[in-house]
Enquirer: 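I'd like to ask you about the structure that follows.
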Amino acid sequence: MSADLKAPPTAVAVEARLDPADCRTMVEVRHGVDALDRALVELLAERQRYMDAAARIKPDRSVVHDEARIEDVVRKVLAAAAGAGLSPAIAEPVWRTLIDRCIAHEFEAWDRTRG
């Protein structure tokens, strides 16, 4: 890896869990879901830190909301979802909500760093 592209400071480890096809009880299902939720929280926190970086880097508040970038992200997510077997009926609204909340966070961070 080049000096400019360092590995993130934390790698997200997902706890041991059964494959969903091997689950026989709701306890096993819930254990798997809870483990994935904890990993997702770590990944979302890292994504939020990228929004903090964007707020620090963007020179003007007017470029925080970028409709072309939003649609680019959604297209990429839907392609990845298709490859992973994730329903687009789950992926698209989840990511559009995530993007919306991340933009709101970025506006707050932009204002806070220049306030």
Side-chain angles (χ1 to χ4, degrees):
M1 198 172 279
S2 77
D4 294 331
L5 296 175
K6 297 176 186 171
T10 58
V12 175
V14 181
E15 299 167 31
R17 64 201 183 285
L18 288 175
D19 184 276
D22 296 331
C23 291
R24 299 290 175 250
T25 69
M26 284 307 300
V27 169
E28 293 168 337
V29 168
R30 289 176 180 145
H31 174 78
V33 169
D34 292 347
L36 289 171
D37 285 346
R38 286 186 288 276
L40 287 169
V41 166
E42 293 296 322
L43 289 169
L44 290 171
E46 183 175 352
R47 191 181 200 285
Q48 178 181 299
R49 291 189 295 274
Y50 281 106
M51 297 304 95
D52 292 333
R56 174 177 42 81
I57 293 166
K58 289 181 181 175
D60 190 87
R61 193 177 195 276
S62 67
V63 299
V64 170
H65 185 275
D66 180 346
E67 196 63 38
R69 174 63 179 152
I70 292 168
E71 295 309 314
D72 179 55
V73 170
V74 171
R75 267 191 310 279
K76 289 173 183 173
V77 164
L78 289 174
L86 175 61
S87 166
I90 294 173
E92 186 165 0
V94 167
W95 257 267
R96 287 195 183 276
T97 300
L98 175 62
I99 292 165
D100 179 66
R101 296 293 74 225
C102 285
I103 290 169
H105 176 82
E106 189 178 333
F107 273 123
E108 291 170 5
W110 199 96
D111 292 344
R112 188 173 52 253
T113 60
R114 290 162 179 84

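Hydrogens, waters and symmetry mates are skipped; everything else that's a heavy atom, side chains included, is used.
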Enquirer: Taking Arg56's backbone N and O only, do any of them form a donor-acceptor pair with Arg114's side chain (distance below 3.5 Å, no angle check)?
Expert: yes

Enquirer: Can you measure from CG (Asp60) to CH2 (Trp110) and round to the nearest 0.5 angstrom?
Expert: 6.0 Å

Enquirer: Report yes or no: does His31 contribute a side-chain atom to a donor-acceptor pair with the main-chain N or O of Ala16 at less than 3.5 Å?
Expert: yes

Enquirer: Output all residues satisfying side chain to side chain contact (heavy atoms under 4.5 Å, CB included) with Ser87, sequence neighbours left out; order by chain, then residue number.
Expert: Ala89, Ile90

Enquirer: Provide the closest heavy-atom pair for Glu28 versus Asp22 in the form atom of the first, atom of the second, distance.
Expert: OE1-O, 4.2 Å

Enquirer: Leu98 versus Leu44: any side-chain heavy-atom pair under 4.5 Å?
Expert: yes

Enquirer: Stepwise, does the side-chain contact (heavy atoms from CB on, under 4.5 Å) test hold for Arg38 with Val12?
Expert: CA-CA 9 Å; Arg38 286 186 288 276; Val12 175; over 6 Å; no

Enquirer: Can you name the side chain to side chain contact (heavy atoms under 4.5 Å, CB included) partners of Leu78, sequence neighbours left out?
Expert: Val74, Pro88, Ala91, Glu92

Enquirer: Only counting residues at least two apart or in another chain, list the ones meeting side chain to side chain contact (heavy atoms under 4.5 Å, CB included) with Arg75.
Expert: Glu71, Asp72

Enquirer: Is there a path from Phe107 to Ile99 through hydrophobic residues (I, L, V, M, F, W, Y) whose side chains come within less than 4.5 Å of each other?
Expert: yes

Enquirer: Is any side-chain heavy atom of His105 closer than 4.5 Å to one of Asp52?
Expert: yes

Enquirer: Any chain of hydrophobic side-chain contacts (each under 4.5 Å) joining Ile103 to Val94?
Expert: yes

Enquirer: What residues, two or more places apart in sequence or in another chain, satisfy side chain to side chain contact (heavy atoms under 4.5 Å, CB included) together with Leu36?
Expert: Val14, Arg17

Enquirer: So, using salt bridge (charged side-chain N to carboxylate O under 4.0 Å, His left out) as the criterion, who are the partners of Arg30 when residues are at least two apart?
Expert: none

Enquirer: Any chance you could lay out the side-chain contact (heavy atoms from CB on, under 4.5 Å) test for Val77 and Leu86, step after step, and finish with the verdict?
Expert: CA-CA 10 Å; Val77 164; Leu86 175 61; 6.0 Å; no

Enquirer: To which residues is Met26 joined in a hydrophobic cluster, defined by side-chain heavy-atom contacts under 4.5 Å among Ile, Leu, Val, Met, Phe, Trp and Tyr, whether direct or through other members?
Expert: Val29, Val33

Enquirer: Which atoms form the tightest heavy-atom contact between Lys58 and Val64, and what is the distance?
Expert: NZ-O, 3.4 Å

Enquirer: Looking at every heavy atom in both Thr113 and Ala55, which two are closest together, and how far apart are they?
Expert: OG1-O, 4.5 Å

